[in-house]
Amino acid sequence: MYVAVKGGERAIESAHAWLAEERRGDTNIAELSLPQIREQLKLAVDRVMAEGSLYDPDLAALAIKQSRGDLIEAIFLIRAYRTTLPRFGASRPVDTGAMDCDRRISATFKDLPGGQVLGPTFDYTHRLLDFKLAAESEVPDAPTREVSSGAVPHVTEFLNQEELIESAPHDDTPPPDLTREPLEMPADRALRLQALTRADEGFTLGLAYSTQRGYGRNHAFVGELRIGAVTVEMDIPELGFAVEIGEVTLTECETVNQFTGSKSEPPQFTRGYGLVFGQSERKAISMALVDRALRWEELGEDYVGAPAQDTEFVLYHADNIQATGFLEHIKLPHYVDFQSELELVRKLRREAGEEQFQEAAE
Amino acid sequence: MKDTFDENAERKAWMGLLAKAPEGRVAALLDATMARPVFTWLRAPEIGSTMIRGRAGGTGAPFNLGEITVTRCAVTLSSGEVGHAYIKGRRKADAEAAALVDALMQGNDAKTVRAAILEPLETEETLAKTTRAAKAAATKVEFFTMARGED
């Protein structure tokens, strides 16, 4: 049975008008400006940029305001906007070794060139609500210290010198792009990393945690975590050379993982890698753990059936826009589908009733 | 990579400096220096995106990290020089100012433009970077060994 339904335009219009009013809230309270969101809810902005897969803090701030702080809705808005942009090209791979680090820590080496730099971190705070923030107040200037010049090399470089860790040899294979071709299995590491960096933070965190609890355990240490600005450089065809187009803030995590060797590889430490837009170390560490778990095949490890080892499971369920799209569509009108289900159940009940009647008669 | 002479090194440096300047800054410096030169659009300001790439493990095979909004434009001065701009963000006015400065740097006013626009931008960029680095330096951990477990 086919039932065409029309109507509801006025209800929809009224619903959207009410949404706008509710979004604004009490008009006696000052309206939130985009610069306020951009500057004071920076980590929310960073998450929307990372999972929206578009670096633009002003747009992310707008999306957060429009979505009333629902970050997945904001990510949806950014993803939709992204598709309207013409693609000018691709950048040269960013050099995270040359990052201007706000933060740089290692859980494996106490004394390392460049030092342990805590940066503006929540770590070591007491996680007690600070009621001073409830009142408007002046913030004192952060202390400064003389800057010691010198490189801040990646931690894995020291281990590389002894060949104790697998190397990540330079390679210029053009990477696949899941925004251009549908995500298909098998997915190589480049494709997995692209999917993971835009993956839902909660989903990635849960999977990473599962590897720590034993589902595909790979004994990860945070070899290094760094947050800071890197320069983005792109080749300009009409000029014939590359120029810097600006800087972006990134969070990078390199894990050092225990590895006893396999049929194809000698015993040495292996690596997991996380790189995420903005300041987002929970996501970067999670990404590195999941990346390492997904590398079981190329390292000749056993597949133990852990969810974090299952590339198809991870990549097909990590995108919160795909997930929410499919999940939430079931709340939209399904009157026709449901009508046929209803007919079916009635028919089955009728048949079952007739059989019972017959059995009783016999 | 930097051992070979790069004939474009100077221009690359100033285009990068112009791209990284804070919003509105290039335009403000340009307007304080001179009346804007007469120009025609070779390419009117246009907003698009660039795919940023990273490398697996920091040094390995490239992968696509995510896009960034970019504004680009190109101008031709009445004196013939062509200026280009590719800058991050959705900033048409900034792209226009950057392209104009790029064109001016190729003409007779290069010296003036360098002193009045590029040099202040350079100073400001260095100051911003050192201020941030000094705050990071203040959070550097100094370890003191309290007791060793071996004795």
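Just so we're on the same page: letters track the sequence lines, and every chain starts at 1.
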message = Looking only at heavy atoms and a cut-off of under 4.5 Å, which of T179(A), V243(A), D177(A), V232(A) has the most pairs with chain B?
response = D177(A)
message = Let's go through Q116(A) and K140(B) carefully: what are the C-alpha distance in whole Å and the side-chain angles of both, what is the deciding distance for side chain to side chain contact (heavy atoms under 4.5 Å, CB included) to 0.1 Å, and is it a yes or a no?
response = CA-CA 6 Å; Q116(A) 305 259 2; K140(B) 193 181 274 192; 5.8 Å; no
From CG (L118(A)) to OG1 (T139(B)), nearest 0.5 Å = 5.0 Å
note = Contacts of R72(B) meeting side chain to side chain donor-acceptor pair (under 3.5 Å) (sequence neighbours excluded), chain-then-number -> E46(B), Y86(B)
query = Is the CZ atom of R132(B) crowded by more than 12 outside heavy atoms at less than 6.0 Å?
reply = no
message = Can you confirm whether more than 12 heavy atoms, excluding those of D141(A), are under 6.0 Å from its CG atom?
response = no
ask   = Side chain, backbone, both or neither: which part of L250(A) has a heavy atom under 4.5 Å from chain B?
value = side chain
message = I need the residue from T173(A), T96(A), L193(A) with the largest number of non-hydrogen atom pairs under 4.5 Å to chain B.
response = L193(A)
key: When A242(A), G119(A), G89(A), A50(A) are compared by non-hydrogen pairs under 4.5 Å with chain B, the top option   = G89(A)
inquiry  = Which atoms of C101(A) are under 4.5 Å from chain B, going by heavy atoms: the side chain, the backbone, both sets, or neither?
reply    = backbone
ask   = With only heavy atoms counted, which part of V94(A) is less than 4.5 Å from chain B, the side chain, the backbone, both or neither?
value = both
key: Residue part contacting chain B, namely of F241(A), when any heavy atom lies under 4.5 Å   = side chain
Residue part contacting chain B, namely of E233(A), when any heavy atom lies under 4.5 Å = side chain
ask   = What residues of residues 103-113 of chain B sit under 4.5 Å from chain A when only non-hydrogen atoms are counted?
value = none
task = Counting only heavy atoms closer than 4.5 Å, note whether P176(A) contacts chain B via side chain, backbone, both or neither.
result = backbone
ask   = Checking T197(A) against chain B: side chain, backbone, both or neither under 4.5 Å from a heavy atom?
value = side chain
query = Side-chain contact, heavy-atom cut-off 4.5 Å: E244(A) with M15(B)?
reply = no
task = Under 4.5 Å heavy-atom distance to chain B, tell me which part of D100(A) shows up: side chain, backbone, both or neither.
result = side chain
Between NZ on residue K12(B) and CD1 on residue I236(A), distance to nearest 0.5 Å = 10.5 Å
query = Which bit of R87(A) comes within less than 4.5 Å of chain B, counting heavy atoms only: side chain, backbone, both or neither?
reply = both
message = Between K88(B) and E247(A) (side chain of the first, backbone of the second, donor and acceptor by atom type, cut-off under 3.5 Å), is there such a pair?
response = yes
task = Among the options I87(B), N8(B), T71(B), pick out the one with the most heavy-atom pairs lying under 4.5 Å from chain A.
result = N8(B)
task = Counting only heavy atoms closer than 4.5 Å, note whether E252(A) contacts chain B via side chain, backbone, both or neither.
result = side chain
task = State, yes or no, whether a side-chain contact exists between E238(A) and H84(B) at a heavy-atom distance under 4.5 Å.
result = yes
Those residues of residues 48-64 of chain B, ordered by number, that approach chain A below 4.5 Å (heavy atom to heavy atom) = G48(B), S49(B), T50(B), M51(B), I52(B), R53(B), G54(B), R55(B), A56(B), G57(B), G58(B), T59(B), G60(B), A61(B), P62(B), F63(B), N64(B)
query = What residues, two or more places apart in sequence or in another chain, satisfy salt bridge (Lys or Arg N to Asp or Glu O under 4.0 Å) together with E23(B)?
reply = none
key: Largest heavy-atom contact set with chain B, pairs under 4.5 Å, which of A142(A), A229(A), S167(A), P169(A)   = P169(A)
query = Checking P86(A) against chain B: side chain, backbone, both or neither under 4.5 Å from a heavy atom?
reply = both
task = With side chain to side chain contact (heavy atoms under 4.5 Å, CB included) as the test, would you mind laying out the steps for I68(B) and L54(A) before giving the verdict?
result = CA-CA 5 Å; I68(B) 182 169; L54(A) 183 67; 5.7 Å; no
query = Between L17(B), L18(B), V141(B), L65(B), which shows the greatest number of heavy-atom pairs under 4.5 Å with chain A?
reply = L65(B)
query = Which answer fits L239(A), side chain, backbone, both or neither, if we ask what part of it has an atom under 4.5 Å from a heavy atom of chain B?
reply = side chain
request  = Please flag which part of T84(A) lies under 4.5 Å from any non-hydrogen atom of chain B: side chain, backbone, both or neither.
outcome  = neither
query = Take atom CZ in F269(A); do more than 12 heavy atoms of anything else shown fall under 6.0 Å from it?
reply = no
query = What part of R192(A) gets closer than 4.5 Å to chain B, counting heavy atoms only: side chain, backbone, both or neither?
reply = neither
inquiry  = For the interface with chain B, which of G272(A), G246(A), A90(A), G52(A) has the highest count of heavy-atom pairs at distances below 4.5 Å?
reply    = A90(A)
key: Minimum-distance pair of heavy atoms, taken over all atoms of V147(A) and T130(B)   = CG2-O, 4.2 Å
query = Ignoring hydrogens and geometry, is there a side-chain-to-backbone donor-acceptor pair from T144(A) to A134(B) under 3.5 Å?
reply = no
